[in-house]
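One structure is given here, and the rest of the page talks about it.
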Amino acid sequence: MDQHLKRNLLKTMVRIRLFEEKVEELFLSGVLPGFVHLYIGEEAIASGVCSALKKSDYITSTHRGHGHVLAKGARMDRMMAELYGKKTGYCKGKGGSMHIFDFNLGVLGANGVVGGGFPIAVGAGLSAKLKRTDEVCVCFFGDGSSNRGTFHESLNMAAAWNLPVIYVCENNRYAATTPTHTTTSVNNIADRATGYGIPGVIVDGNNVEEVYSAAKNAIERARNGEGPTLIECKTYRIKGHFVGDPERYRSKDEVKEMKALDPIERYIKGLFDENVCTIEEVEEIYQGIRNEVIIAIKFAEGSPNPEPEDALTDLYVMEEGIYYA
Amino acid sequence: MDQHLKRNLLKTMVRIRLFEEKVEELFLSGVLPGFVHLYIGEEAIASGVCSALKKSDYITSTHRGHGHVLAKGARMDRMMAELYGKKTGYCKGKGGSMHIFDFNLGVLGANGVVGGGFPIAVGAGLSAKLKRTDEVCVCFFGDGSSNRGTFHESLNMAAAWNLPVIYVCENNRYAATTPTHTTTSVNNIADRATGYGIPGVIVDGNNVEEVYSAAKNAIERARNGEGPTLIECKTYRIKGHFVGDPERYRSKDEVKEMKALDPIERYIKGLFDENVCTIEEVEEIYQGIRNEVIIAIKFAEGSPNPEPEDALTDLYVMEEGIYYA
Amino acid sequence: MREMNMAEATLEAMIEEMRQDDNVFVLGEDIASQGGIFGQFKGLADLFGKEKVIDTPISETAIMGAGLGAALTGMRPVIDMHYVDFIGVAMDEMCNQIAKIRYMSGGQVKAPLVVRAPDGLINSAAAQHSQNLEAWFVHTPGLKVVTPSNPADAKGLLKAAIRDDDPVLYLENKALFKRKGMVPDGEFIIPIGEAARVRDGKDVTIITYSIMVSKSLEAADILSKQEGIEIEVIDLRTLFPLDKEIIFSSIKKTGHLMIVHEACKIGGLGSEISAMVAEECIEYLDGPIIRLGQMHVPVPFSPIMEKYITPNVNDIVNGVKKMLINSFENIITT
Amino acid sequence: MREMNMAEATLEAMIEEMRQDDNVFVLGEDIASQGGIFGQFKGLADLFGKEKVIDTPISETAIMGAGLGAALTGMRPVIDMHYVDFIGVAMDEMCNQIAKIRYMSGGQVKAPLVVRAPDGLINSAAAQHSQNLEAWFVHTPGLKVVTPSNPADAKGLLKAAIRDDDPVLYLENKALFKRKGMVPDGEFIIPIGEAARVRDGKDVTIITYSIMVSKSLEAADILSKQEGIEIEVIDLRTLFPLDKEIIFSSIKKTGHLMIVHEACKIGGLGSEISAMVAEECIEYLDGPIIRLGQMHVPVPFSPIMEKYITPNVNDIVNGVKKMLINSFENIITT
Ligand SMILES: Cc1ncc(C[n+]2csc(CCOP(=O)(O)OP(=O)(O)O)c2C)c(N)n1
Ligand SMILES: Cc1ncc(C[n+]2csc(CCOP(=O)(O)OP(=O)(O)O)c2C)c(N)n1
Ligand SMILES: [Mg+2]
Ligand SMILES: [Mg+2]
């Protein structure tokens, strides 16, 4: 794997981490409206997968979407502005944390409905097939959402039609407060691939290079018209389900234990061992991103709020004759 | 297998066949309102499965439900009256062919929504578990309906909670006009059992004893608290999807070929070979059932129509204060 | 002008639009080999291939969601829902995804798709195959809703829906598929948002749509002949956005309003129209606003009961007569 | 009487009903270990065990369908839908199965179950977590719909819903869970179908429910103090079947009607109430019927925009003033 790519994988993970650490702080200090689900601890997945994608490829994201969108290349300032509910945000303040889109980067939306992205990804794959482009779509989803009917209908459809869709499960062991093994009848979500006649791959979701390789293979298959793949990334959510979660459902010890497997720390150590970068270079990466975060906050704070009446735009493309009350 | 049971299996199949042959005739002559989906050719499944059930066990049925309900022991006359839309019908003329219930026999309803029965069966299984009875619920479903999200959600739930539910797929190769292999990403519906960590069993759905044995095993497992089983019965729908279907989607040859595997003729031959019954005994069975059919038609034709205002009953149990317009 | 039925008219619209725009394609159950359960897609797969006229699995949720995904990425899907009843299976996709996605994205994306959904009563199809659900969708910001009452409108509205850059729900009454009528030759569009005054009258306004248009016209003829009462009949054609102008101007003329639809009366679209009038031009009314709609029960199987719960020509005739007796004038003078 | 908040009041109802009837149990996401995302099930699993307070997979379709199956076979499930928005995922189960099954069976079966669904705005939850969807369900024959505005009603209505042999949708506004109020001691029930006159007045009737009750009362106080206008406020509590009697009798007294809800105005429940009045007692009205409801857009994330689209106390005050100016009397005299 080339060194440039390795450094970029690190950068992407750090970008997500530092962005979210700040978001957590801001949220706790009461600056941000809405609610926020953090991706901290799972950065290797979005980073590994999106680094294997082209800009014109698509992704669908989830309620825990900051990481996906940033990894696909989104601007931090417009994301931050969206979390602030500002007019300069990606969705002009209409979406918020759970609904971030960047259509130019092929981000077909985070989604407040768990499992809402499965069939949208099928449609993106269908477009690619009908238009004979070589684009693929990655659908990120949680372990918990694999119990939704949309998972089944979509994987079957994508498989039956041989569509270029890659289903990436972020198995962080919990659906909100519910341990996944208590509600899910298989040990591995990847075991479900058999039910659709597609490959099911399990990777260490805290190992960014492993994720990257699995994604690369699946994306290649998809581009070659060989159909969908289900990749299960085993990971862990270090923070609560949402910022403010009392976390009654798991022990501090468990979290501590899993924290030791932090994908970023681990990767940095590996890069040192392989002599890919020095402490100084890593510090430089962090410093650069810290700056990006500061600039993003400045941008967000300095941006205008939407006008109240802005609420009445952006619903219909063809607004002629539409009334709102 | 005891001879009494064998004769009963035959009787049940013949009961379904003769009832439906008459229904087809009546429908084509314009006597019956609504539309009708015939089970002809698939009788071995309902007969085999329901013969392994107790009266207090539950079933959920489908749009192609006559066979299930008759096999569970329903009265032909009240079924016929329902198809006529008469007041004496099982549903007082409110349900029709796709919605036949017989609550006293544990029939939780045929269903006009394909795949609607999957979760209802989970609930019946849950009741049994909560009430600590040994009842089980059989959910009949078509190959086509296995692509609905309810299939997935329900099988996962039943498996995760270890409920006494048996999922019986009637794979007749078509979902209405669409060959199942064109829309379904696996060769066997039973392959999907892996995705739920439950046994998946494939049987010849035109062999009533094979169906019976598979059902018996699965029912025993369920009663013993060992959880759900998915049984796939390979069969074929001899008649059109509904009465009147132009059947543009398949060849006459195909139908002819499959007709040769008729479950009833085959079984009778087997019974002769095994000396379980004589031609005369079989003829007697037929004659008895022909009479039952005639009596059923008489009952239906002689029954009163509902009053128009009967439309305004049976919606709410507690009707006090309810208004209808 | 040529005579054709509604199924044929929509088929013509599909063919013209698919010829004209390569991005238009169709997704649904039993449409390719079968040509749609009401014959509305007959032969379409022969013309455009099974890649563009796609027989799907029985997966309404994924059909609808995939339609959205395709629309977001440059296609213009027409999704056939088989029966409007089955939108229940895909309600999240319809109302929480399709309807909201443009808004939630701050206007970044558009979802140009059409959901075709046969609705209404036909042949004792019973409770799960007979509903009229337009009220749910009119109450959902982000959707447009249209429904034709005759072949010409069927063609023109479907073409407009396919060309519209917003998601449009196209409701087509099952009992109308075989209804014949004259259809203009050549290219034409019925603009979304424009109702049609299909009968002029001075005494009472009837606002209606879909299958109830012909029943209202029949009732109007009877009332004219027997009572000399002249009914103005307005065929809404678009249910959201409503053509308020034509509605209000007719009420200002007649002073009497009846709304007729096949859907359940309670909470039906008639309520919205009545309330709009009671809010914005009540002072022009000379009597109560009468709504006719299905009684508040699921549709029973028996034809006798089905008929009983559904408004018919007689109900309209009698309703109008009663309305006029109850008009303020009479209340005051009696 | 004790003071408690709505979450606590519903918890008390649950405990009492589960103690009293072994067949009552709860099914939903994050209710056992978490006690419900709004704390409304806190500690319930400790009392009744995880067999009776069941944490489900994220499978709303199956949750709802399984609830129905359990209800048919002798249990009395309470189903927690997390957010009313997610009923979209289970709409077929709710409206085509649960609502219709008794009728389709000719009255053979009953489906005694409660669907609890938190609705409404809270903390900028945005488009997919903020809806008010009661209009869909009032339009669906076979359901009953209730929604409390205060802790006492919350308890009494939930108990009534659990004891009802028909399926009841219990809508609870998210912003009200922490709302405090006095709750009578001991066993009590608020009968389904009975509205409450929560303020007497002679000038204008406001019909409202859920979160908008307190806003209407606030507006009424302002109008009384500032303008001497006396508003009668009716808290519907049950949305189907509506308490027509109390509605009509109030209108006969005041001659002026405003309906206020948080749900979208277009096609909202306000339309039904307005239309009912315009049909059955329009002659008592002295002016237009005004509806206040959410503007016809999905709920935006930004608090500024969210606030803009939602009716508030000021809108009610101003609406009433405008209403009285537009009353027929004034139209005629000016
Ligand atoms: C259809 C639906 N049901 C329930 C919820 C509430 N909810 C939000 S996140 C969540 C847990 C999701 O678990 P998982 O898919 O494993 O993703 P994770 O949060 O672990 O990343 C739930 C139940 C929802 N948003 N949508
Ligand atoms: C949710 C839903 N989608 C579509 C239909 C229309 N429909 C009725 S039967 C049928 C085919 C069902 O195929 P399968 O499950 O294999 O059962 P079979 O008819 O072969 O017994 C379809 C598509 C329906 N009733 N419900
Ligand atoms: Mg998870
Ligand atoms: Mg089949």
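Bear in mind the structure is a predicted one, so any value in this text is a computation, not a measurement.
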So which residue, [options], ends up with the most heavy-atom pairs under 4.5 Å with chain D?
options	value
A:K86, A:E307, A:E309	A:E309
A:C91, A:G144, A:P179, A:P246	A:G144
A:G149, A:G89, A:S97, A:G95	A:G95
A:R148, A:E247, A:H241	A:R148

Under 4.5 Å from a heavy atom of chain D, the part of [X] involved:
X	result
A:S145	backbone
A:N111	both
A:V114	side chain
A:L83	backbone

First locate atom [atom1] of [X], then atom [atom2] of [Y], and finally report the distance between them rounded to the nearest 0.5 Å.
X	Y	atom1	atom2	answer
D:E29	A:N147	CD	CG	9.5 Å
A:K92	D:S302	NZ	OG	13.0 Å
D:F301	A:M98	CZ	CE	9.0 Å
D:K42	A:R248	NZ	CZ	5.5 Å
A:Y249	D:D30	OH	CG	9.0 Å
D:H296	A:Y316	NE2	OH	4.5 Å

inquiry  = Please classify the contact between D:E60 and chain A as side chain, backbone, both or neither, with a heavy-atom cut-off of under 4.5 Å.
reply    =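 For D:E60, side-chain heavy atoms alone lie under 4.5 Å from chain A.
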query = Of the backbone (N, CA, C, O) and the side chain (C-beta and beyond), which part of D:T56 lies under 4.5 Å from a heavy atom of chain A, both, or neither?
reply =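 Contact with chain A is through the backbone of D:T56 alone.
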Can you see which heavy atom on [X] is nearest to which on [Y], and at what distance?
X	Y	result
A:A311	D:I309	CB-CG2, 3.6 Å
A:T183	D:D55	CG2-O, 4.0 Å
A:P308	D:M305	O-CG, 3.9 Å
D:A126	A:H99	CB-CD2, 3.8 Å

ask   = Do the rings of D:H129 and A:F35 sit parallel, tilted or perpendicular, given the 30° and 60° boundaries?
value =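 Rings of D:H129 and A:F35: perpendicular, as their planes differ by over 60°.
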task = For the pair D:Q128 (side chain) and A:G112 (backbone), establish whether a donor and an acceptor sit closer than 3.5 Å, ignoring hydrogens and angles.
result =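 Indeed, once roles are kept as given, a pair shorter than 3.5 Å links the two residues.
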inquiry  = Measuring only between side-chain heavy atoms, which start at C-beta, is D:P298 closer than 4.5 Å to A:L315?
reply    =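 D:P298 vs A:L315: side chains touch.
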message = I'd like to know which of D:L292, D:V89, D:I122, D:V299 tops the heavy-atom pair count under 4.5 Å against chain A.
response =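 Most pairs with chain A among the choices: D:V89.
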request  = Could you tell me whether A:K22 atom NZ has more than 12 heavy atoms of other residues or ligands within 6.0 Å of it?
outcome  =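 At most 12 heavy atoms, drawn from other residues, nucleotides or ligands, come within 6.0 Å of this atom.
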message = One pair to check against side chain to side chain contact (heavy atoms under 4.5 Å, CB included): D:Y308 and A:L312. What are the steps and the verdict?
response = CA-CA 10 Å; D:Y308 175 71; A:L312 305 186; 4.0 Å; yes
